[in-house]
Amino acid sequence: MNKKTIRDVDASGRRVLVRVDFNVPMEDGAITDDTRIRAALPTINYLREQGAVVILCAHLGRPKGNRVPEESLQPTADRLAELMESPVAFVDDCIGELVAQAVAAASPGDVILLENTRFYPGEESNDKAEMLAFAEQLAAPAQMYVNDAFGASHRKHASTYGVTKYLSPCVAGLLVEEELTKLQRVLDADRQGFVAVLGGAKVSDKIGVIEQLLPRVERLLIGGAMAWAFFKAQGMEIGESLCSEENVAGARGILDTMSDYLGNMALPLDVHMKNLESGATKYVPADGIEPGWDALDIGPETRAHYATIVKQAQTVFWNGPMGYFEEPPFDEGTLAVARAMGDCSGYNVVGGGDSVAAITQMGLAEQMDHVSTGGGASLEFIENNGSLPAVEALDSKE
Ligand code: ADP
Ligand code: MG
């Protein structure tokens, strides 16, 4: 990696602003998955041991510039304190007097967590002057900056990007370093034996990823509702299956512009569909979807075919479930790919988002070489051939 990390600088006795990704799923004020908080611990502990005053900032949800009590980071402060077995000073604001007071009261090794940066419109503002004005306030109490929020590094926001204009040095945390290193290995993989599996619902979001990967892989396996967009673009019947016009346009674009590489792409051979009126389900060949039916998963022939390819791969990158996995039995396709990845002795990476939820739910996360903490960020990393705006803004190694 050509960016400096916390190991390249001396943080002892310094006030360090650390952007973390604490955008955890919550239900009724309780954290349902603390993976992202755990993932930030190595950096936080490293800086504490160095004797830094650790000032954490993060966003949660989409409060869009308003103070939304349900999107307070307070519960993440409590969880972080439990995980560290040490107090965390939560500040009910992320800029201004309250923050200045908390920082002034802190000793080396102390951890402060600031309230949701998205409570201020400047955080995400498209108006650069407004974004930078907020970033300057956020940077004010600190002497250096660490980005450990991999999951937010595709965003040019005040806390991920703007603050780098006001602080020096600006370095990567250990999670960002690990994510970049492990995802880069995917981009560097030999074409021979490189298999990508893409699914999920939004083709339009993943067009750039398909364009980047298709020429680089031996096989690109398509599943999930994404496949129906390709079916429809080829004039096939998809009944009532999930598919937007935008997705069909995206699929059509790929079919038109990437004809040299379409031989690398595999679409489902069969599907598992459900009758919307009777609730009956059945497996049919790909060209057997009928009006009134909703294709919710890949079928058994496709499962076996994809699993065989995945198991033999040298490198596998997977993003997006193969079907409506939240509702069994439509988790069978996703489960088959997840198990095949577990059985694959090659290098395997799951690129964030709902596919991570799926493999975690299936208890298979431990068997992967890397499970990214960032869905959008890992896709954008692939799409941009290894570059993310908030990482580019950090100091380079000499
Ligand atoms: P990711 O977050 O992994 O990038 P997406 O957000 O694009 O994936 O899509 C994930 C969602 O797509 C899941 O909620 C899943 O249930 C849904 N999905 C996948 N295939 C289908 C399908 N055939 N029909 C309905 N929903 C589907
Ligand atoms: Mg998603």
Side-chain angles (χ1 to χ4, degrees), residues 21 23-27 31-40 150-151 175 178-183 185-186 189 194-202 205-206 209 213 217 219-227 266 268 272 296-300 302-382:
D21 178 8
N23 191 27
V24 292
M26 293 225 233
E27 255 166 51
I31 297 166
T32 54
D33 180 356
D34 63 4
T35 307
R36 286 177 161 171
I37 302 176
R38 289 174 188 274
F150 177 75
L175 172 64
E178 183 191 354
E179 290 269 11
L180 296 175
T181 309
K182 291 191 165 169
L183 287 167
R185 241 184 102 175
V186 171
F194 182 7
V195 174
V197 187
L198 293 178
K202 295 162 287 179
D205 278 8
K206 300 181 187 177
V209 177
L213 287 177
V217 296
R219 297 311 293 273
L220 174 66
L221 312 178
I222 304 266
M226 177 185 275
H272 196 182
L296 291 167
D297 195 9
I298 57 176
T302 314
R303 291 202 297 262
H305 181 54
Y306 285 7
T308 306
I309 293 170
V310 166
K311 273 183 214 167
Q312 290 166 359
Q314 301 297 318
T315 305
V316 190
F317 175 76
W318 178 28
N319 173 278
M322 295 291 98
Y324 185 28
F325 76 95
E326 294 95 335
E327 197 176 299
F330 304 105
D331 57 347
E332 287 171 326
T334 302
L335 200 49
V337 166
R339 287 201 185 110
M341 275 184 87
D343 290 344
C344 168
S345 61
Y347 180 67
N348 40 55
V349 172
V350 182
D354 293 298
S355 9
V356 174
I359 59 152
T360 307
Q361 181 185 313
M362 292 164 181
L364 291 162
E366 292 299 312
Q367 294 181 41
M368 309 296 155
D369 289 292
H370 184 57
V371 178
S372 178
T373 55
S378 62
L379 287 178
E380 209 162 307
F381 179 88
I382 300 282

Beyond-backbone contact of [X] with [Y], side-chain heavy atoms, under 4.5 angstrom:
X	Y	value
Trp318	Ile359	yes
Asp205	Leu379	no
Met322	Glu332	no
Val197	Val310	yes
Val217	Phe317	no
Val350	Met341	yes
Leu335	Phe325	no

What's the separation between atom [atom1] in [X] and atom [atom2] in [Y], rounded to the nearest 0.5 Å?
X	Y	atom1	atom2	result
Arg38	Thr373	CZ	OG1	14.5 Å
Met26	Asp34	CE	CG	11.5 Å
Gln312	Arg219	CD	CZ	11.0 Å
Ile309	Leu220	CD1	CG	10.5 Å

What pair of heavy atoms forms the shortest contact from [X] to [Y], and how long is it?
X	Y	value
Ala189	Thr315	CB-OG1, 3.6 Å
Met368	Leu364	CE-O, 3.6 Å
Asn319	Gly351	ND2-O, 3.1 Å
Gly333	Ile298	CA-CG1, 3.7 Å
Thr334	Asp297	N-OD1, 4.4 Å
Ser372	Phe150	OG-CE2, 3.4 Å

Run Val24 and Ile37 through side chain to side chain contact (heavy atoms under 4.5 Å, CB included) and show every step you take. CA-CA 8 Å; Val24 292; Ile37 302 176; 3.9 Å; yes
**Message:** Set out, in order, the CA-CA distance, both residues' side-chain angles and the distance that settles side chain to side chain contact (heavy atoms under 4.5 Å, CB included) for Met362 and Arg339, then state yes or no.
**Reply:** CA-CA 9 Å; Met362 292 164 181; Arg339 287 201 185 110; over 6 Å; no
Test item: [X] side-chain N/O and [Y] main-chain N/O as donor-acceptor pair under 3.5 Å:
X	Y	value
Arg36	Asp21	no
Thr32	Pro25	yes
Tyr347	Lys182	yes
Asp369	Asn348	yes

Show the numbers, then the answer: is there a side chain to side chain donor-acceptor pair (under 3.5 Å) between Glu179 and Ser378?
CA-CA 8 Å; Glu179 290 269 11; Ser378 62; over 6 Å; no
